[in-house]
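So the structure is just underneath, and the comments pick up after that.
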There are 2 protein chains.
Amino acid sequence: MPDAPTAKGRATRARIVEGAAEVLREQGVVFTTLDDIRGRTGTSKSQLFHYFPDGKDELLLAVAQFEADRVLADQQPHLGSLDSWESWYRWRDAVVERYERQGDECPLGSLFLQVGRSRPGSRAIVTELMRQWQEQLARGMRALQAGGLVSPAFDVDRAAAALLAGIQGGVAIMMSTGDTSHLEAALDNAIENLRASATGHTGK
Amino acid sequence: MPDAPTAKGRATRARIVEGAAEVLREQGVVFTTLDDIRGRTGTSKSQLFHYFPDGKDELLLAVAQFEADRVLADQQPHLGSLDSWESWYRWRDAVVERYERQGDECPLGSLFLQVGRSRPGSRAIVTELMRQWQEQLARGMRALQAGGLVSPAFDVDRAAAALLAGIQGGVAIMMSTGDTSHLEAALDNAIENLRASATGHTGK
DNA sequence: CCAAAAATGGACCGGCAAGTCCAGAATGAG
DNA sequence: CTCATTCTGGACTTGCCGGTCCATTTTTGG
């Protein structure tokens, strides 16, 4: 029952998902019990299973979707308008800041390791997130091309894929080492490649 | 008792770690019990606690170290001698092939999510792995510089950090989507940047 | 060959957390 | 108003799994 008939029901369901997301971010998936979530959200066991009949996995999946939606939302409005060098730098700072704030907890990563193979839908969530993310990066690069700031010969798709990988890895490394330098290196490197392409094709 | 007095003891301990690593890779940390490990390694409960008195966490940490060591070992001999373009391409292929073979299981990642904050040593393992990995990449780039294949102005440290991030992210994306294109894009992109630097400084 | 230490086998315990159940309170339709 | 539906509370069950314990066997050092 992913949808609740009444308004009250929908509100409760949303409260559960948001509260669960909080707890999971604080304690980590492995160490969070349904009772923790129950306590945080002021609900009872039966409510949890009323809104998520398939139990913990279903709830975790809902939280995963919730967190996935936040990822791109947190990068707005910058990610949506990457059409000038300034906007790229602003976005770069927003990304670093967002993940610095998030600290060493990786809600999505751990969520999927838990749910992983058991639930079919889990993989789709992350795939879709990556697709949208990369698409927006590519769109930004094409905007630079359209503005004449980047060479038309520049391989946007590959650069966007590489940048996305760099961000993911930078974040992952930051999670485990506490060091943001890899994330920053990946971002700066990518932007500088874009800029190099701008002057690069003038060397005819 | 990380070390065992007798040869037999050391052998048993090693058998446990290796067997545990297998099971963990197959089933994932979350779904693996000590009994699974016991079954696979042909040992008894008391042996597990004999060699890992602090229980499951200590065993998982040992497996994490074991897996971390494999990561760099699997990239040899290529990673050790990145002194020509050919060697870089061979290494690139070895990395892709290694992670394609590994498939969608991330032994290290899940291991640390489980052990994570509870054990102090866990973070050190991954930090050290990243340090060594990046160092070898940087060394390879400097070898290219020394051979005159790459401009001396090239920022090796940043490029190495960005490349490492790209690899990590590429692998992470591959884990969850099954698609290796991001990993390949990150690798190809990095190598091409190196090559671009070679010709780039000739455009004086 | 013989103590002492190390290694092994496996029964057993205890707690915890997911999931069940039903009774009762709110809500909404007509 | 009233009856069906939805929502809520919380006690209870159940199985699992990490961890303990001790008896027994094997190895080692002298």
Side-chain angles (χ1 to χ4, degrees), chain A residues 1-20 23-24 26-64 110-111 113-116 118-119, chain B residues 1-20 23-24 26-64 110-111 113-119 122:
Chain A
M1 270 133 224
D3 47 347
T6 84
K8 190 180 182 186
R10 279 191 300 277
T12 303
R13 189 180 192 279
R15 199 175 78 240
I16 292 173
V17 172
E18 286 169 39
V23 182
L24 289 168
E26 290 169 16
Q27 312 187 345
V29 183
V30 192
F31 307 101
T32 300
T33 73
L34 289 184
D35 271 329
D36 293 333
I37 296 172
R38 214 182 45 64
R40 173 72 60 107
T41 59
T43 52
S44 68
K45 213 61 170 298
S46 69
Q47 281 172 292
L48 260 37
F49 283 87
H50 179 69
Y51 294 105
F52 306 94
D54 283 353
K56 198 179 188 182
D57 278 0
E58 192 182 352
L59 172 55
L60 290 181
L61 201 61
V63 173
S110 45
L111 241 26
L113 282 166
Q114 179 84 12
V115 182
S118 56
R119 286 247 145 196
Chain B
M1 271 132 218
D3 47 348
T6 83
K8 189 180 182 184
R10 278 191 301 276
T12 302
R13 189 179 193 279
R15 199 175 78 240
I16 292 173
V17 172
E18 285 169 40
V23 182
L24 289 169
E26 289 169 17
Q27 313 188 342
V29 183
V30 191
F31 308 101
T32 301
T33 72
L34 289 184
D35 271 329
D36 292 333
I37 296 172
R38 214 181 44 65
R40 174 72 60 106
T41 59
T43 52
S44 69
K45 215 56 169 301
S46 69
Q47 280 173 291
L48 260 37
F49 283 86
H50 180 68
Y51 294 105
F52 306 94
D54 283 352
K56 198 180 188 182
D57 279 359
E58 191 182 354
L59 172 55
L60 290 181
L61 201 61
V63 173
S110 45
L111 241 27
L113 284 166
Q114 179 85 13
V115 181
R117 56 261 275 94
S118 56
R119 287 247 146 197
S122 69

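Chain A is the first sequence line, chain B the second, and so forth, proteins listed ahead of strands; every chain is numbered from 1.
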Pick the nucleotide of DNA chain D nearest each of B:Asp35 and B:Lys8; which residue has the one closer to the 5' end?
->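 The 5'-side residue here is B:Asp35.
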Nearest to the side chain of B:Thr6, which nucleotide is it out of D:dG19, C:dA7, C:dG19?
->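 That would be C:dA7.
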Measure from the side-chain heavy atoms of A:Phe49 and tell me the nearest of D:dC17, C:dA18, D:dG19.
->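 When the side chain of A:Phe49 is considered, C:dA18 is the closest of D:dC17, C:dA18, D:dG19.
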Give every pair of a protein N or O atom and an N or O atom of nucleotides 10-14 of chain C that lie under 3.5 Å apart, one pair per line with the distance.
residue, atom, partner, partner atom, Å
C:dG10, O6, B:Ser46, N, 3.2

Using a 4.5 Å cut-off on heavy atoms from C-beta on, say whether the side chain of [Y] contacts that of [X].
X: B:Ile16; Y: B:Phe52; answer: yes
X: B:Leu24; Y: B:Asp36; answer: no
X: A:Val30; Y: B:Val30; answer: no
X: A:Lys56; Y: A:Leu59; answer: no
X: A:Arg40; Y: A:Glu26; answer: yes
X: B:Thr41; Y: B:Val23; answer: no

Between C:dA18 (P) and A:Lys56 (NZ): distance, integer Å =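 Going from NZ in A:Lys56 over to P in C:dA18 covers 4 Å.
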If only side-chain N and O atoms of B:Tyr51 are considered, is one of them under 4.0 Å from the OP1 or OP2 phosphate oxygen of C:dT8?
->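 Yes, within the criterion.
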